[in-house]
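Provided herewith is a single structure, encoded as structure tokens, for subsequent inquiry.
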2 protein chains.
Amino acid sequence: NRSVQVPVAPKLVHKSFGERVTLATNPAAVKLFKLMESKKTNLAVAVDLVNKSEILALAEAIGSEICCLKTHVDIVQDFDQDFITQLQSIAAKHNFIIFEDRKFADIGNTVKYQYENGVYNISKWADAVTVHGVAGPAIIDGFRDGLKQKGAGLLILAQMSSKGSLCVGEYTNQMIEMGKQNADAVLGFICQEKLEAMGDNFVLMTPGIQFNSKGDNMGQQYNTPDYVIKEKGTDVIIVGRGIYQSNDPKSEAIKYRQQSWSAYESRL
Amino acid sequence: NRSVQVPVAPKLVHKSFGERVTLATNPAAVKLFKLMESKKTNLAVAVDLVNKSEILALAEAIGSEICCLKTHVDIVQDFDQDFITQLQSIAAKHNFIIFEDRKFADIGNTVKYQYENGVYNISKWADAVTVHGVAGPAIIDGFRDGLKQKGAGLLILAQMSSKGSLCVGEYTNQMIEMGKQNADAVLGFICQEKLEAMGDNFVLMTPGIQFNSKGDNMGQQYNTPDYVIKEKGTDVIIVGRGIYQSNDPKSEAIKYRQQSWSAYESRL
């Protein structure tokens, strides 16, 4: 019988958001790191509601607690320019960024049109947009003009929270590589864990966060704030139904904010 | 020196569209196989224009030549309900289906909202929509209610025409499996070649078709109609810039239609 050395995973070393401001090259990443450091929040809220008035009321109610508001403008029944104007004014008042979770996933020539044109004119108002790199790295070129005008950034889907996702393994590695090759355009990654290759210059955001749920009937799976920030080492939690479906979104937002911020502080 | 037997790939055996009507289980696939057989066209045209009037004029001009019109409604600057009403009337007059190339790529709960809600109300008018299965198979469940109401179908992205695409290998195999497990909901695949696992009950559509181009500066790559229908064994060619950017879209459409239909006939 020999004593066997059990290998221990190396502990992740975490820099503060303040230190990472100087490492980021994408303007929206710089803005977000600064905002999180000064406002002391790493909570993003996903607002999957279909009426303008409900979304604006929620944004106003929880604006003081969040660093990002995540939208799906293409589910808003009464979308119009006034909705964007009001949302931007609430974002300025409470100091958060707006990220449109469009999950662009076409070829470069098409995403350019989708980002800059159409009824939604996303490039005019979103500080960040999500992108699946499945079409290949040239998709990034479709965004360059639009991103520069606004100082916005891309969030690349490196991993997903849904059951049976194909954003895994070598696919994930290629998404990280795509981000690193385009660090000027990329704010960060949507992911479930910090992988070493991701570095410290990107913001890592994790969806699928809820205190009390095992999932829905369409494949969504949930984790807690503490688990993803402390154990998995990502930076921002994205909470959806746990807040916008609550009877008291503001109190819930405060709870999520407190747990995720103290998880962040405890890892420094 | 020995004589070496060079292995020859088994020749694909192709059934006619008419025979495949009886194999398909998705209502939009049945409709499309019938339409192609009777109208004698396997040409789809992608119309990536940003004004309502231009799109409608093109649809009217080439409607007699095509089996599908592929739209990106989210790039149309002056989109409104009248656009959809007029487009549907042109589609009925010339007997083609409308497929919205939305490339849905979120979790089931979100795509349900995106498909059925918002300014575009895609589920109300599109005969087919494209889907990336990257979030996992539960995405299909987000579409079921909407698909049933319209008798529509999903087109799953199994391969892409852009450089460095990650829709390859095991990812492609999983997309085919996702389609086969949900044959009632799935019209077919967007792909670059017929793979044996795809079977004969799905419609196989191939984008990135142009007579005279090597590609664009954002990663798009092109093939000819003859090559994909005869050599690669897919069913429908999707032509974009080769037709909508031509000075005479109608004559170009006739040329593409003739080459792709005779390629189809020659393989029977």
Side-chain angles (χ1 to χ4, degrees), chain A residues 46 48 50 72-80 101-122 130 132-142 157 160-167 169-171 174-175 178 207-208 216-220 240-241, chain B residues 46 48 50 72-80 101-122 130 132-142 157 160-167 169-171 174-175 178 207-208 216-220 240-241:
Chain A
D48 295 343
V50 300
H72 281 297
V73 279
D74 55 354
I75 69 171
V76 182
Q77 293 293 20
D78 49 355
F79 174 89
D80 58 10
D101 191 10
R102 173 60 176 73
K103 295 190 170 68
F104 289 101
D106 214 306
I107 60 172
N109 183 62
T110 300
V111 296
K112 182 174 170 60
Y113 280 112
Q114 292 173 322
Y115 183 43
E116 297 179 17
N117 292 272
V119 173
Y120 298 131
N121 276 297
I122 297 171
T130 44
H132 279 297
V134 64
I139 189 176
I140 308 284
D141 297 328
L157 276 285
M160 294 183 83
S161 48
S162 49
K163 199 174 168 183
S165 162
L166 284 87
C167 266
E170 187 47 36
Y171 183 105
Q174 291 201 42
M175 293 302 108
M178 198 179 293
D216 69 10
N217 60 355
M218 292 192 225
Q220 178 64 309
R241 289 171 255 186
Chain B
D48 295 342
V50 299
H72 282 297
V73 279
D74 55 355
I75 70 171
V76 182
Q77 292 293 19
D78 49 355
F79 174 90
D80 58 10
D101 191 10
R102 172 59 175 75
K103 295 190 170 68
F104 290 101
D106 214 307
I107 60 172
N109 184 61
T110 300
V111 297
K112 181 174 171 59
Y113 280 112
Q114 292 172 322
Y115 181 45
E116 296 179 18
N117 292 273
V119 173
Y120 298 130
N121 276 297
I122 296 171
T130 44
H132 279 297
V134 63
I139 189 175
I140 308 283
D141 297 328
L157 275 286
M160 293 183 84
S161 48
S162 49
K163 199 173 167 184
S165 162
L166 284 86
C167 266
E170 188 46 35
Y171 184 104
Q174 291 200 42
M175 292 303 108
M178 198 179 293
D216 69 9
N217 60 355
M218 291 193 227
Q220 178 65 308
R241 289 172 254 184

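In what follows, every chain begins at residue 1, and chains take the letters A, B, ... in the order their sequences are listed.
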Worksheet entry | Pairs of heavy atoms under 4.5 Å with chain B: top-ranked of A:G136, A:G108, A:G118 | A:G118
Worksheet item: Using a cut-off of under 4.5 Å for heavy-atom pairs, which of B:I140, B:I107, B:V50, B:N109 has the most such pairs with chain A?
Response: B:N109
Practice prompt. Compare all side-chain heavy atoms of A:Q114 with those of A:F104 and state whether any distance is below 4.5 angstrom.
Written response: yes
Worksheet item: Taking B:E116, B:Q77, B:Q174, B:K112 one by one, which has the highest count of heavy-atom pairs under 4.5 Å against chain A?
Response: B:Q77
Worksheet item: What option among B:E170, B:K103, B:K163, B:M160 has the most heavy-atom pairs under 4.5 Å with chain A?
Response: B:K103
Response to the item:
B:S165 meets the side-chain hydrogen bond (donor to acceptor under 3.5 Å, both in side chains) criterion, sequence neighbours left out, with none
Worksheet item: Between A:V134 and A:Y171, is a side chain to side chain contact (heavy atoms under 4.5 Å, CB included) present by the stated rule, with each step listed?
Response: CA-CA 8 Å; A:V134 64; A:Y171 183 105; 3.5 Å; yes
Worksheet entry | Closest heavy-atom pair and its distance - B:V119, B:F79 | O-CE2, 3.6 Å
Fill in: Engaged part of B:Q220 at the chain A interface, taking heavy atoms whose separation is under 4.5 Å
side chain
Worksheet item: Heavy-atom distance under 4.5 Å to chain A: side chain of B:R241, backbone, both or neither?
Response: side chain
Worksheet entry | Largest heavy-atom contact set with chain A, pairs under 4.5 Å, which of B:C167, B:G240, B:S162 | B:S162
Discussion item. Heavy-atom pairs under 4.5 Å with chain A: which of B:I75, B:D141, B:D101 has the most?
Written reply: B:I75
Practice prompt. Sequence neighbours left out, what passes side-chain hydrogen bond (donor to acceptor under 3.5 Å, both in side chains) with A:D80? Give chain and number order.
Written response: A:K52
Discussion item. I'd like to know whether B:Y115 forms a side chain to side chain contact (heavy atoms under 4.5 Å, CB included) with B:V111, so could you lay out the CA-CA distance, the side-chain angles of the two residues, the decisive distance to 0.1 Å, and finally the verdict.
Written reply: CA-CA 6 Å; B:Y115 181 45; B:V111 297; 5.6 Å; no
Worksheet entry | Region of B:D106 in contact with chain A, defined by heavy-atom distances below 4.5 Å | both
Discussion item. In terms of relative ring orientation, are B:H132 and A:H132 parallel, tilted or perpendicular, with 30° and 60° separating the classes?
Written reply: tilted
